[in-house]
Every structure is written in structure tokens, then in C-alpha cells.
Amino acid sequence: CFSGYPPGWPLLFALSLSLGLADWMNPALTALAVLIFFALGKKLYGLPAACLGVLFMVSTPFFLLNGASYFSHPTCLLMGSIFLWSYSKWTETQNVFWSFICALSLGYGLGTRYLTMAAIALPFLLYELRKIMAREISLKRKDYVVFSLTLGIMIFLNLYYNYLITGNFLDAPNHYYHGWERLGFHSNYTLKDAVHSLGRRLLFLMDWSAPTLLGLYFVGALSIRPQNAFDRLFRFGFLYIAFAYLFYYSWGGNQYGPRYY
């Protein structure tokens, strides 16, 4: 398949086209993500909280319309949810299988929407790095070897795709075709513009969901005591994405709400 964007979603879309299921691919991926988030919510906060959280999730136009779109965001949503679930299982069990799934989902997410997936995963990877630096764990452990090798292969495949499209391993197709798509501040996108963009996207989110839900999120995240390190990192996942997109200049982002989030 060919695309001016990373290969993750075009690959799945090409598969759905060949099977005659193009209209069903993203709804199916979104439904799978809902199931995984339900399992995560139940594990961390109990069944009532999981049911209520998923009910809020599936009842918002922001979620429903993006899930029924042809955008790449549902694929990244699923990869992010698989990463979070497998990371939680991996750190509990030190199981090689879960370390493999964790790296595979992270790599595929990076090959779908690299900034979004990096924003989700980086705090967890930094937490693991802190444990390694403190010698609480060893990189020689089999599950870490499998994670590192799998993620390394996935990153190489993503970079090789860049090379095939742009002739440069480090030049992503979307930047190659749209030079204005880049990270960081410059003369046309200052820190003031970034703060203004954050405000606009939060307003878009409230337009397409509900201001009450955003308020409930902040109240719950800040007032309920974290149960463990994973919970402490997991609950602020939305903020990681919002912060990452402060550095991304784009005129878009209000298709059924701030789809980047």
C-alpha cells in the first residue's frame, strides 16, 4: 500500500478493502479498544467504575464519530490500549509473551501515529529506565531482551518505510509532502500560539463530548489515591497527549472534536 502518512493504518485499510470490509474496520478496532479499556478500568478501579467510564466513553459524539471515520486515530487508540494492558500484565508477571505484545503494539502504534503513541508510551518507558538505572532490574532478563529486540525491529521497519517513500530514514512521509508538519516552535508557531491551540482543542473536546466529563476526569485523577506506579502513570495519559501536541503545528484537529486526543 502507499500513503503520504505512516504505514500502520493504510496497511489495515488496504486489508479491509481487499476483504470488502472497509466500512467496518475502524468500528471493529474501536470496539476492541473499548473492551480493553473496560478490562483496565475493572482491574484498577473495580467493576462499577469500569462500567461508568466505558458508558461515558461510548456515549460521546467525539468518540463515536471518530470511531466510525476513516482516520488513523482508531488504530492508534487500539494500539495504545493494547500497550497499556500488556504493559500492566508484563510488569506484574515478567512474562515474555506480554513483553512481546507490549513492544509489538508500541511499534505498530509508532507506525500509525508516532507522536501520539510516543506521548502515551514515553512516561512508562522512562519509568522502566529509572528502574534500570537504579539497578532494580536487569536488562539481561529474558522479557527485557524480547521487548528490546521486538521494539527495535518495529522501529527499523518504520524507518525503512520512510526510506522507501522519501529516500531518508529519518524523514517521515507526511513531513516530506507537507513541509509545515513538524515539531517545535518557530517564527510561524510560537509558545503563545501553542497555548492558544491547547485552549482551542480543549474547547473542541467539550463541544463534542461534555464539559462535565472533562471536569470529572480532572477531579478523579487528582483526588483519588493511586494504587500503584502503573495507576499513577495511567491516569494522566490524556495529559501526556495534550502536552505532546503543544509542540505540533497544525491547522487541523477539529474533525468531530480534537481527534489528536
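Along the sequence shown, residues carry numbers from 1.
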Can you measure from [atom1] ([X]) to [atom2] ([Y]) and round to the nearest 0.5 angstrom?
X      : Y      : atom1 : atom2 : result
Leu104 : Phe100 : CG    : CZ    : 4.5 Å
Arg232 : Asn228 : CZ    : CG    : 7.5 Å
Arg235 : Ile224 : CZ    : CD1   : 6.0 Å
Leu129 : Ile137 : CG    : CD1   : 9.0 Å
Ile120 : Leu125 : CD1   : CG    : 11.5 Å
Ser197 : Leu191 : OG    : CG    : 11.5 Å

For Leu149, the hydrophobic cluster (side chain heavy atoms closer than 4.5 Å, chained through members) also holds Val145
Grouping ILVMFWY residues whenever side-chain heavy atoms fall under 4.5 Å, the cluster of Phe56 otherwise contains Leu52, Leu213, Leu216
Are [X] and [Y] linked, directly or through other ILVMFWY residues, by side chains that come within less than 4.5 angstrom of each other?
X      : Y      : value
Leu11  : Leu164 : yes
Leu19  : Leu32  : no
Ile132 : Leu122 : no
Leu126 : Leu233 : no
Phe218 : Phe236 : yes

Any non-hydrogen side-chain atom of [X] less than 4.5 Å from a side-chain atom of [Y]?
X      : Y      : answer
Phe83  : Phe124 : yes
Phe62  : Pro258 : yes
Phe13  : Thr75  : no
Leu40  : Phe234 : yes
Asn162 : Asp171 : no
Lys89  : Trp85  : yes
Asn168 : Tyr163 : no
Arg201 : Tyr245 : yes

| query | Distance-only, no hydrogens or angles: does the Tyr108 side chain make a donor-acceptor pair with backbone N or O of Gly8 under 3.5 Å? | reply | yes
Testing the basics here: between [X] and [Y], what is the closest heavy-atom pair and its distance to 0.1 Å?
X      : Y      : answer
Ala50  : Gly41  : CB-C, 3.6 Å
Ala68  : Pro27  : CA-CG, 4.3 Å
Cys76  : Thr112 : N-CG2, 4.1 Å
Gly107 : Asn158 : O-ND2, 3.2 Å
Pro173 : Thr166 : CA-CG2, 3.8 Å

- Dump the intermediate steps for side chain to side chain contact (heavy atoms under 4.5 Å, CB included) on Phe147 and Cys102, then the final yes or no. CA-CA 7 Å; Phe147 176 86; Cys102 186; 3.9 Å; yes
Q) Is it true that the side chains of Thr190 and Asp193 contain a donor and an acceptor less than 3.5 Å apart? A) yes
Who are the side chain to side chain contact (heavy atoms under 4.5 Å, CB included) partners of [X], not counting sequence neighbours?
X      : result
Leu55  : none
Phe97  : Asn95, Ile101
Leu202 : Leu198, Leu214, Phe238, Tyr261

What is the ring orientation for Tyr160 with Phe169, classed by angle as parallel under 30°, tilted 30 to 60°, or perpendicular over 60°? tilted
Listing request: all side-chain hydrogen bond (donor to acceptor under 3.5 Å, both in side chains) pairs with a residue in [range], at least two apart in sequence or in separate chains.
range            : result
residues 204-220 : none
residues 15-32   : Asp23-Tyr70
residues 137-152 : Trp90-Asp143, Glu128-Tyr144, Arg141-Asp143
residues 33-60   : Lys43-Ser88, Lys43-Glu92, Tyr45-Asp231

Across all chains, not counting sequence neighbours, the side-chain hydrogen bond (donor to acceptor under 3.5 Å, both in side chains) partners of Tyr114 are Asn174
### Message
Does Phe63 form a side chain to side chain contact (heavy atoms under 4.5 Å, CB included) with Leu77? I'd like the steps, not just the answer.
### Response
CA-CA 11 Å; Phe63 178 79; Leu77 174 70; 3.8 Å; yes
Verify the neighbour count for atom OH of Tyr256: are there more than 12 heavy atoms of other residues, nucleotides or ligands below 6.0 Å? no
Please determine whether the number of non-hydrogen atoms from other residues, nucleotides or ligands lying under 6.0 Å from atom NE2 of His196 exceeds 12.
no
> Taking the six-membered ring of Phe71, is the NZ or CZ of Arg259 close enough (under 6.0 Å from the centre) and on axis enough (within 45°)?
Replying inline: yes
Start with the C-alpha distance between Met79 and Arg113, add both sets of side-chain angles, then the distance that settles side chain to side chain contact (heavy atoms under 4.5 Å, CB included), and finish with yes or no.
CA-CA 10 Å; Met79 292 303 112; Arg113 299 194 62 79; over 6 Å; no
For Phe243, the ring-ring contact (aromatic ring centres under 6.0 Å, His included) test, sequence neighbours excluded, returns Phe247
Applying ring-ring contact (aromatic ring centres under 6.0 Å, His included) to Phe38 and not counting sequence neighbours gives none
* Test Tyr87 against Tyr127 for side chain to side chain contact (heavy atoms under 4.5 Å, CB included), laying out the working first. => CA-CA 12 Å; Tyr87 176 84; Tyr127 176 69; 3.4 Å; yes
